[in-house]
Amino acid sequence: MEVAMKNTQNMLSKIATNDGHGENSPYFDGWKAYDANPFHSQHNPAGVIQMGLAENMLCFDLIQEWIQANPTASICTPQGASDFKETAIFQDYHGLPEFRNSIANFMSRVRGNRVTFDPDRIVMSGGATGAHETLAFCLANPGEAFLVPTPYYPGFDRDLGWRTGVKLLPVVCESSNNFKITSEALETAYEKAKLANIKVKGLLITNPSNPLGTFLDRETLKYLVTFITDKNIHLICDEIYAGTVTKGDEFISIAEIIKEEPKCNLDLIHIVYSLSKDMGFPGFRVGIVYSYNNNVVNIARKMSSFGLVSTQTQHMLASMLSDNKFVDNFISESRIRLAHRHDMFTRGLAQVGIGSLESNAGLFFWMDLRRFLKEPTFESEMTFWRTIIGDIKLNVSPGSSFHCSEPGWFRVCFANMDDETTMIALRRIKTFVLKNKMLEIKTMRPCWQNNQHFRLSSRRLDDMLTPHRMSPHSPLASPLVRAHN
């Protein structure tokens, strides 16, 4: 049987049978663990809670209310059936004009109407996955590469490289400066590629960041534009979390920066967008390539034949996203609910001394469990991750699957569940920590962090958890830790 399977596989293409999809990553292994034993409050209360999936389910009541109030938006209702035939037979890969107009409108409103987008530059794809692969095909040849700051979304290895043969080269970012991109890290990665005789065709950034939940400031974005202009390479900006900013300064799109940089070569600038995160519509597979390069727009549009958005979906979304009153209310309410859920979870973790990187966007946060590892190694991280999956029954994603340079960080998704499940997840973590006395001075050893030495304070737990002591979102681990040089 095994020989027969091997012979059958040998008859298939090398691209189809290689491991470029990345399913052997712990990121996907966590999903499999959830699928094998999914949590359900009534039917399987001891199951694994899915916290490795970045989905936004907090505002579906607003969506449902709009659909009920606008039955003509669907071609599958008596009120909208008159548009059924015209919508069903439409197959122009440019997309419905009203759909492209509404997407351009939505992208602008998500970014505070500080920039506008040209509907004629909007190219459809099968989700952001398809958009990234389309750009990889357009911009690079097999064996050429894109620089990507770490940590980064594990799916990028699949999306950009599996079928295209394009390489992703890490730009190593570190916790010592909250994983910010530095000129030194960029130049080092670029020069390393040159020494390896690998041609760098572009820089890929996620802004806001997945998995960090942060977004780039204006000066950093300007520097990146200068960098890619000097190197004459492309800049792909994944902005699929643009509408998930919850607090702090306004999110700055690359579309704003290029207006301020007259020396910028617009042919090098490309944006990836989708409705999977901001609207919570991953199943609709609405991905967008928005390029300032006319040739890329034309080529990507031809390639979009392999991953078009159905006209039924286009028809409904065109109506929904052109309703400015609904859109503005949805964006505002979504940010409020995301902020509330983020604070609920991070404050709950702070009560047992678990910290996280300070963040203000995304559907997740970057949890710091470094001091809980037996050793500062990725092997120890994986051992602890298996404990989290097997004993605490939570699927959180280990930092190594995001190509993080430091063991002990984990991405925690918080917007794909209801409040009850959120509280159950928090109770499981608190119970595990307290049961194992991981925060007690007697059982804790000195830990490592940012090349500094740390020890536990002898203050009482209640005193240390008062709000004025330290932010629960501090990247310096927890209120229980003091730094000593």
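Counting only N and O atoms by type, the side chains of H94 and D120 include no donor and acceptor under 3.5 Å apart. In the model, D157 has no side-chain atom that pairs as donor or acceptor with a side-chain atom of W162 under 3.5 Å. Counted by atom type alone, R341 and T422 present one or more donor-acceptor pairs between their side chains at under 3.5 Å. With no hydrogens or angles considered, no side-chain donor-acceptor pair links N207 and D238 at under 3.5 Å. In the model, S108 has a side-chain atom that pairs as donor or acceptor with a side-chain atom of N113 under 3.5 Å. For the 3.5 Å distance criterion, the side chains of T246 and H342 fail to qualify, holding no donor opposite an acceptor.
The number of heavy atoms from other shown groups lying within 6.0 Å of NZ (K32) is above 12. For I15, the CD1 atom is loosely surrounded, since the number of other residues' heavy atoms within 6.0 Å does not exceed 12. Within a 6.0 Å sphere centred on CZ of F306, other residues, nucleotides and ligands contribute 12 heavy atoms or fewer.
Less than 6.0 angstrom separates the ring centroid of Y290 from the ring centroid of F117. Here W31 and F28 bring their ring centres to under 6.0 angstrom of each other.
Looking only at distances, a side-chain donor or acceptor of S401 sits under 3.5 Å from a matching main-chain atom of P398. The closest donor-acceptor contact from the side chain of T134 to the backbone of G130 lies under 3.5 Å.
In this structure, R111 pairs ionically with E239, as a charged nitrogen and a carboxylate oxygen lie closer than 4.0 Å. Under a 4.0 Å N-O distance rule, the pair K167/E144 does not qualify as a salt bridge.
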Note to self: salt bridge (Lys or Arg N to Asp or Glu O under 4.0 Å), that's the test. Do K231 and E187 meet it? Break it down for me.
What the structure shows: CA-CA 10 Å; K231 306 297 186 187; E187 291 289 351; 3.1 Å; yes
Margin query: Go through it in stages, so that I can follow the logic: the residues are E55 and K277, the test is salt bridge (Lys or Arg N to Asp or Glu O under 4.0 Å), and I'd like the CA-CA distance, side-chain angles, deciding distance and then a yes or no.
Written below: CA-CA 6 Å; E55 287 186 350; K277 310 304 180 182; over 6 Å; no
Next item on the list: Starting from the C-alpha separation in whole Å, work towards a yes-or-no answer on side-chain contact (heavy atoms from CB on, under 4.5 Å) for I252 and D217.
Entry: CA-CA 7 Å; I252 303 170; D217 58 66; 5.6 Å; no
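Aromatic ring orientation, F365 versus F345: tilted (interplanar angle from 30° to 60°). Ring geometry for F156 against Y153 counts as perpendicular: the plane angle is over 60°, on a 0 to 90° scale with 30° as the lower cut. Y152 and H403 have parallel rings, their planes meeting at less than 30° on a 0 to 90° scale where 60° marks the start of perpendicular.
Counting heavy atoms from C-beta on, the side chains of E174 and T182 never come closer than 4.5 Å.
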Residues 316-326 side chain polar contacts: donor-acceptor under 3.5 Å, at least two apart:
{"unit_1": "S322", "atom_1": "OG", "unit_2": "A318", "atom_2": "O", "d": "2.8"}
{"unit_1": "S322", "atom_1": "OG", "unit_2": "S319", "atom_2": "O", "d": "3.1"}
{"unit_1": "D323", "atom_1": "OD1", "unit_2": "K325", "atom_2": "N", "d": "3.4"}
{"unit_1": "D323", "atom_1": "OD1", "unit_2": "F326", "atom_2": "N", "d": "3.2"}
{"unit_1": "D323", "atom_1": "OD2", "unit_2": "W66", "atom_2": "NE1", "d": "2.9"}
{"unit_1": "N324", "atom_1": "OD1", "unit_2": "N105", "atom_2": "ND2", "d": "2.9"}

